[in-house]
Amino acid sequence: MTGPHPRCRRTLAIPLGMAVATAMAFLPGATASATGLSGTAAVSTGAVGDALASAAADGTALSYIVNVRAGHGPSAQVKKAIGKAGGTIVTSYDQIGVIVVHSSNPDFARTIRKVRGVESAGNTRNAPLPAQSTTDEGTPKALSSAQMAAARTAAAAGQDPLESLQWDLPAIKADKAHEKSLGSSKVTVAVIDTGVDDTHPDLAPNFDRAASVNCVTGKPDTADGAWRPSAEESPHGTHVAGEIAAAKNGVGMTGVAPGVKVAGIKVATTAGYFYTEAVVCGFMWAATHGVDVTNNSYYTDPWYFNCTDDPDQKALVDAVTRASRYAEKRGVVNVAAAGNENYDLAADEITDPVSPNDGTPSDRVVDPSECFDIPTQLPGVVTVAATGAKGIKSSFSNHGLGVIDVAAPGGDSTAYQTPAPPATSGLILGTLPGGKWGYMAGTSMASPHVAAVAALIKSTHPYAPPALVKALLYAEADATPCTDPYDINGDGKVDAVCEGSKNRNGFYGWGTVDALDAVTK
C-alpha cells in the first residue's frame, strides 16, 4: 500500500496487458454546496453556511453521524449537547433519526455518545473538510474511431452501432429480452455514484431529472446539473448509467433495460470518497423521489469493513442501515457490488489492509460476520458477484456462500476469459462523459446489470413490492454450479473455493440473472 486512495466500488485495475479500468482521476476541490428540500430532510436552523466556511478554513473540522430514535427530530437536549460539544447540525433525517454534524472538536463523538437520547455516534472520515485529493489512478479504455467503425460494420440488423461489442447482453439474454420489451419508462433506476453526465446522447433520452441530485455534503443540492461529474472527476457513474439504460436509439450502445429511466445521485467527493452522510442522503432521496431501484457500486468510506464493536464504525453501520431499510420500505430495491478483492465474505476472518483509506491504513484482521462492508452486506440489499465472458466468476470478484445473492457480467482479463467474436474485449462497454464510450471492469459493472434486470421485473410487474421483485430476481436466475476447481490463471493452484449447491453457492448465489425471464414471466 503506497498510500491512501479512494475506493470507488469497484472498478478494477486489470492485470498488466489489459486496459486500466479504475477511472480515478481527481483534483483538489471542495464538495458541492447543498440546498434543503422539503420532505427529504428536516434541516436545522442556524448559520450553517458560516460554520462550514469557518471549518473549511481552519482545516480541522470532521463530519459526524449522530443517531437518535427514528421518527423524531433531535430533541432540545440533544441539540443543546451538540452545540455545547462544538458541533453544528448540517441536516437531520428525522424519519430515520440520523443527524449530520460538523465539528472541530476531536472528542465530539465520545462526548455526544454519553448524552441521553443518543443511540450511537461516530466520525465519518479521518481527513479534514474538504476531503483531500489524490493522484490519477488510471482511466477507462475509450473506444477509438477505428474501433467504433469496425463495431458499426459488425452490427447486425436491429442492433445499435456498438452492440456487437457487448458480449454481456447475450450472457444474460438481454438481447432476446429486447425483442419482447425494453422496459417501462415509468420505472427509474438511480445510480448512487460519482455523478452522471445526462447530456450524453445515449443517456439523455432516458434521464430522470426530477429524481437526480447532488448529495455529497449529506444535504440535497438540487441545482441544475449538480448531479454531473466535473471533467476532473471519475466517469464511473456515467459508465454504470449506460450499462443500465443506454437508449436503443441507433446511437452507440444498448443498456440492459433501454426503456427505463435512469437518475444520477452524486455522493462521491471530488477526491472520490463515498462518506456516510452522502450515502444516507442518497438512499433517503431515492426513497422520497419515486425511485424503484438503486445501484450501489461502491463501499462507504473510509472503512472497507465497519466493525460494530467500534463505536464510531457502529454509528456508520446504523445510519446506512436505517437509510437503506427506509428506502426499501418506500418501495426501492437496493442492489450493490460485492467487491474486487477475491475475498470470501463468508470466511471466519479477512485481512483488511486499506482501512481507513483517508488516513493511515493498517492490516486489520476482521470477522466479516461482525464487520460489514456497507451497503453491500446490509440486510435486504441484493449483493452481486461478477462473471467474465466465459460465464465463470471473474478473477477479482468477492464471493461467499450466503452473502452473494446473484451474479452478472462484470468483465475479466482476456487472458482468463475471452469473448466470442465480434466482441474483442473481456471488459464491459459503457458510456463515458462527453459523449464517449469505453471499457471498464469490476463488480461495479456487474451490479448495474442486476439493477437493470430488477427494473425489467418491475416493468413487467409494476405493483410488485421490493420483496417480490427480489424473489423473482432470484427465482428467475439461471442456476450456475460451482467452478471447481477454480484455477483462473491455470497455474495449478486453486484461486478461490466455491461452497454450496448448483442452485445456491458462494460464487453465483442463486445464479446468473436472466433478463428474458424478467420480461416474460
Between T124 and E277, does any side-chain donor sit less than 3.5 Å from a side-chain acceptor?
-> yes
Less than 4.5 Å apart, any side-chain heavy atom of T254 and any of Q159?
-> no
Using only heavy-atom distances, determine whether the side chains of D352 and Y343 contain a donor-acceptor pair under 3.5 Å.
-> no
Nearest heavy-atom neighbours spanning A241 and V262 = CB-CG2, 4.0 Å
Checking T414 side chain against G426 main chain: does a donor-acceptor pair fall under 3.5 Å?
-> no
Would K261 and V187 satisfy side-chain contact (heavy atoms from CB on, under 4.5 Å), going step by step from the backbone distance to the final call?
-> CA-CA 6 Å; K261 295 295 185 183; V187 173; over 6 Å; no
Quick one: pull up CD1 in I172 and OG1 in T512 and give me the separation to the nearest 0.5 Å.
-> 9.5 Å
Output yes when a side-chain donor or acceptor of D487 lies under 3.5 Å from a complementary backbone atom of D491, and no otherwise.
-> yes
Qualifying ring pair (Phe, Tyr, Trp, His ring centres under 6.0 Å) pairs, either residue in residues 478-507, two or more places apart = H399-F507, Y486-F507
Distance-only side-chain donor-acceptor flag, D198 / W227, under 3.5 Å | yes
Test item: K458 side-chain N/O and P466 main-chain N/O as donor-acceptor pair under 3.5 Å | no
Using the side-chain contact (heavy atoms from CB on, under 4.5 Å) rule, take L345 and F305 through it: C-alpha gap first, then chi angles, then the decisive distance, then the call.
-> CA-CA 11 Å; L345 296 175; F305 297 98; 4.0 Å; yes
Can you tell if the side chain of V332 reaches within under 4.5 Å of the side chain of D292, non-hydrogen atoms only?
-> no
Does the gap between the ring centers of Y304 and Y299 come in under 6.0 Å?
-> yes
Is the distance between the ring centroids of H239 and W437 under 6.0 Å?
-> no
Check: Y416/S394 side-chain N/O donor and acceptor closer than 3.5 Å | no
H236 (side chain) donor-acceptor with Y298 (main chain) under 3.5 angstrom = no
Salt-bridge criterion met for K173 and D514 (N-O under 4.0 Å) = yes
Donor-acceptor side-chain pairing of N340 and T443 below 3.5 angstrom = yes
Gap separating the CG atom of N206 from the CG atom of D202, nearest 0.5 angstrom | 9.0 Å
Give, for atom CD1 of I457 and atom CG of L472, the distance between the pair rounded to the nearest 0.5 Å.
-> 5.5 Å
Between S120 and K314, what is the shortest heavy-atom contact and its length?
-> CB-NZ, 4.4 Å
Can any side-chain N or O of K266 pair as donor or acceptor with the backbone N or O of V196 at less than 3.5 Å?
-> no
Polar side chain donor-acceptor pair, D318 to T321, under 3.5 angstrom | no
Is the backbone N or O of C307 less than 3.5 Å from a side-chain atom of Q313, with the two atoms forming a donor-acceptor pair by type?
-> yes
Between the main-chain N or O of M284 and the side-chain N or O of T288, is there a donor-acceptor pair closer than 3.5 Å?
-> yes
Can you check salt bridge (charged side-chain N to carboxylate O under 4.0 Å, His left out) on E328 and K470, steps first, answer last?
-> CA-CA 11 Å; E328 184 167 1; K470 289 189 289 183; 2.8 Å; yes
Check: D168 side chain, I428 main-chain N or O, donor-acceptor pair, under 3.5 Å = no
Working to the nearest 0.5 Å, report the span between CD of Q147 and CG of L165.
-> 8.0 Å
Between P229 and P433, the two heavy atoms sitting closest are CG-CG, 4.3 Å
Hey, is the main chain of K393 close enough, under 3.5 Å, to the side chain of T387 for a donor-acceptor pair?
-> no
Are any side-chain N or O atoms of T460 and backbone N or O atoms of L456, one a donor and one an acceptor, separated by less than 3.5 Å?
-> yes
Do we see a donor-acceptor contact under 3.5 Å between the side chains of N503 and S501?
-> no
If we ignore angles and hydrogens, is there a donor and acceptor under 3.5 Å between the side chains of T188 and D208?
-> yes
Flag if over 12 foreign heavy atoms under 6.0 Å of CZ, R69 | no
Pair N357, D301: side-chain N/O donor-acceptor within cut-off below 3.5 Å | yes
Any side-chain donor-acceptor pair under 3.5 Å between N296 and T294?
-> yes
In Å and rounded to the nearest 0.5 Å, what is the SG to CZ distance from C482 to R504?
-> 12.5 Å
Salt bridge (Lys or Arg N to Asp or Glu O under 4.0 Å) against R322, all qualifying residues, sequence neighbours excluded = E119
Approximate separation, where rounding is to 0.5 Å, of T238 OG1 and E233 CD = 10.0 Å
Consider only side-chain N and O atoms of T351 and D363, and report whether a donor and an acceptor are under 3.5 Å apart.
-> no
Assess the side chains of E370 and T308: does a donor N or O sit below 3.5 Å from an acceptor N or O?
-> no
Would you kindly say whether Q417 and D412 are connected by a side-chain donor-acceptor distance under 3.5 Å?
-> yes
